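Have a look at the structure below before the remarks.
These numbers come from a predicted model, not from an experiment. Residue indices begin at 1 and follow the sequence shown.
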Amino acid sequence: MTFPTLHSGDELYRRTQGPRVTSPSFSRSELAAAFEKFEETVARAAETRDWDAWVAQYTPDVEYIEHAAGTMRGREQVRAWIKQTMTTFPGSHMVAFPTLWSVIDEPTGRIILELDNPMRDPGDGTVISATNISIITYAGDGQWCREEDIYNPLRFLRAGMKWCRKAQALGTLDEDAASWMEENGWGSK
C-alpha cells in the first residue's frame with residue numbers, strides 16, 4: 001500500500017502557487033559579497049534608524065515571512081512593517097542586529113544566519129537580547145527576493161519584560177516601554 005506524501009500548508013503553497021525559492025546559480029564569492037553588503041546595510045539602518053536603504057536591498061516583489069506578523073509581499077508592505085516595528089517598543093530599543101553565525105548555501109542562493117537583537121543599556125550596563133534565525137534568498141544584482149525570520153516570540157516577550165523590569169528598577173523606564181509593559185500584563189506592580 002502506498003500513502004500520499006503529506007506537506008505542510010506552507011510547503012504546498014510554495015510548490016503550487018508561491019514564488020520559486022530556487023534561484024539561478026551564484027558563485028560563493030558573489031553570495032559572500034552580497035551578504036557582506038547586506039550586513040553593512042543592516043548595521044547602518046540600526047545606527048541611523050533609517051530603514052529605507054534596508055528595504056531597497058530587496059526586490060520589488062520580495063516575499064518576507066515574519067512568523068508573528070505574517071507574510072508580506074512587496075517592498076511597500078515590508079517598509080510599513082519595519083518602520084512600525086522599529087519605532088515602537090521593543091524594536092525601538094534594539095540597537096544592533098549582529099550576525100552570530102552564517103552559512104552560505106550555494107545551490108539555493110541562500111544565506112542562513114542567526115542574528116542577535118540586543119537592546120540598549122537600561123542604565124546599569126546590562127545587555128538584554130534575543131536571537132532569531134533568518135533565511136535570505138539572493139536574486140542577483142545585490143538584491144534579495146525572500147526572507148524568512150524564525151524565532152520564538154516568547155523569548156522576545158521575556159527579553160522585553162526583563163528590560164522593562166530592569167529599567168523600572170533603575171528609574172529609566174520610558175513611556176513607550178511602560179505602555180508596552182502594561183499592554184502585556186506586567187504594569188507597574
Side-chain angles (χ1 to χ4, degrees), residues 34-58 62-103 110-137 143-144 146-188:
F35 182 56
E36 185 176 331
K37 176 111 167 97
F38 179 88
E39 289 183 296
E40 290 169 3
T41 303
V42 169
R44 192 169 43 258
E47 183 180 324
T48 65
R49 308 313 279 183
D50 178 358
W51 295 96
D52 288 328
W54 179 82
V55 172
Q57 70 185 344
Y58 296 102
V62 63
E63 177 183 51
Y64 196 110
I65 301 166
E66 205 284 352
H67 288 249
T71 299
M72 293 158 274
R73 290 185 174 76
R75 283 184 187 157
E76 293 316 308
Q77 283 186 358
V78 173
R79 183 184 325 277
W81 164 77
I82 195 67
K83 285 187 175 186
Q84 174 66 30
T85 299
M86 292 298 130
T87 57
T88 57
F89 189 87
S92 60
H93 287 52
M94 293 176 185
V95 296
F97 304 93
T99 299
L100 300 175
W101 58 263
S102 63
V103 175
R110 291 183 180 140
I111 311 288
I112 301 130
L113 59 136
E114 181 178 18
L115 290 174
D116 197 8
N117 297 265
M119 299 177 77
R120 72 181 188 214
D121 177 0
D124 67 351
T126 301
V127 176
I128 298 170
S129 69
T131 63
N132 67 276
I133 302 294
S134 290
I135 304 168
I136 55 177
T137 305
Q143 295 203 313
W144 304 88
R146 186 172 193 275
E147 180 165 340
E148 182 169 1
D149 296 337
I150 304 158
Y151 61 95
N152 181 342
L154 292 178
R155 281 190 191 163
F156 280 80
L157 177 67
R158 281 193 297 271
M161 286 299 175
K162 183 177 180 180
W163 189 95
C164 286
R165 286 193 299 271
K166 176 66 83 171
Q168 188 175 43
L170 295 168
T172 60
L173 185 67
D174 59 78
E175 191 175 309
D176 189 30
S179 294
W180 181 88
M181 191 178 184
E182 184 72 33
E183 287 170 18
N184 286 282
W186 287 83
S188 55

Does any part of the side chain of [Y], heavy atoms only, come nearer than 4.5 Å to the side chain of [X], both counted from C-beta?
{"X": "V62", "Y": "E147", "value": "no"}
{"X": "F38", "Y": "I111", "value": "no"}
{"X": "S179", "Y": "F89", "value": "no"}

Enter the distance from [X]:[atom1] to [Y]:[atom2] here, rounded to the nearest 0.5 Å.
{"X": "R146", "Y": "R110", "atom1": "CZ", "atom2": "CZ", "result": "6.5 Å"}
{"X": "Y58", "Y": "I82", "atom1": "OH", "atom2": "CD1", "result": "8.0 Å"}
{"X": "S129", "Y": "M94", "atom1": "OG", "atom2": "CE", "result": "9.0 Å"}
{"X": "W101", "Y": "L115", "atom1": "CH2", "atom2": "CG", "result": "10.0 Å"}
{"X": "T71", "Y": "I65", "atom1": "OG1", "atom2": "CD1", "result": "4.5 Å"}
{"X": "W180", "Y": "M161", "atom1": "CH2", "atom2": "CE", "result": "4.0 Å"}

Among residues at least two apart in sequence or on other chains, which ones pass side-chain hydrogen bond (donor to acceptor under 3.5 Å, both in side chains) with [X]?
{"X": "S102", "answer": "none"}
{"X": "E39", "answer": "T99"}
{"X": "D121", "answer": "none"}
{"X": "T87", "answer": "none"}

Original post:
Going through the checks in order, is the side-chain hydrogen bond (donor to acceptor under 3.5 Å, both in side chains) test met by D149 and S134?
Top reply: CA-CA 4 Å; D149 296 337; S134 290; 2.7 Å; yes

Suppose we screen for side chain to side chain contact (heavy atoms under 4.5 Å, CB included). Which residues come up paired with [X], at least two apart in sequence or across chains?
{"X": "A34", "answer": "Y138, W144"}
{"X": "T131", "answer": "L100, E114, D116, R155"}
{"X": "A96", "answer": "P98, P118"}

Shortest non-hydrogen contact between [X] and [Y], atoms and distance:
{"X": "R75", "Y": "A56", "result": "NH2-O, 3.5 Å"}
{"X": "M119", "Y": "P90", "result": "CE-CB, 3.9 Å"}
{"X": "I128", "Y": "A159", "result": "CG2-O, 3.4 Å"}
{"X": "G91", "Y": "R49", "result": "O-NH2, 2.9 Å"}

Original post:
For K83, which residues count as a salt bridge (charged side-chain N to carboxylate O under 4.0 Å, His left out) partner, sequence neighbours excluded?
Top reply: D52

**OP:** Sequence neighbours left out, what passes salt bridge (charged side-chain N to carboxylate O under 4.0 Å, His left out) with E76? Give chain and number order.
**Re:** R79

Original post:
Can you list the residues that meet the ring pair (Phe, Tyr, Trp, His ring centres under 6.0 Å) rule with Y151, with sequence neighbours excluded?
Top reply: F156

Subject >> With W81 via ring pair (Phe, Tyr, Trp, His ring centres under 6.0 Å) - residues at least two apart >> reply: Y64

**OP:** Can you run down the salt bridge (Lys or Arg N to Asp or Glu O under 4.0 Å) pairs that involve residues 167-180, sequence neighbours left out, and say none if there aren't any?
**Re:** R120-D174

Original post:
Would you find a donor on one side and an acceptor on the other, under 3.5 Å apart, between the side chain of Q77 and the backbone of E63?
Top reply: no

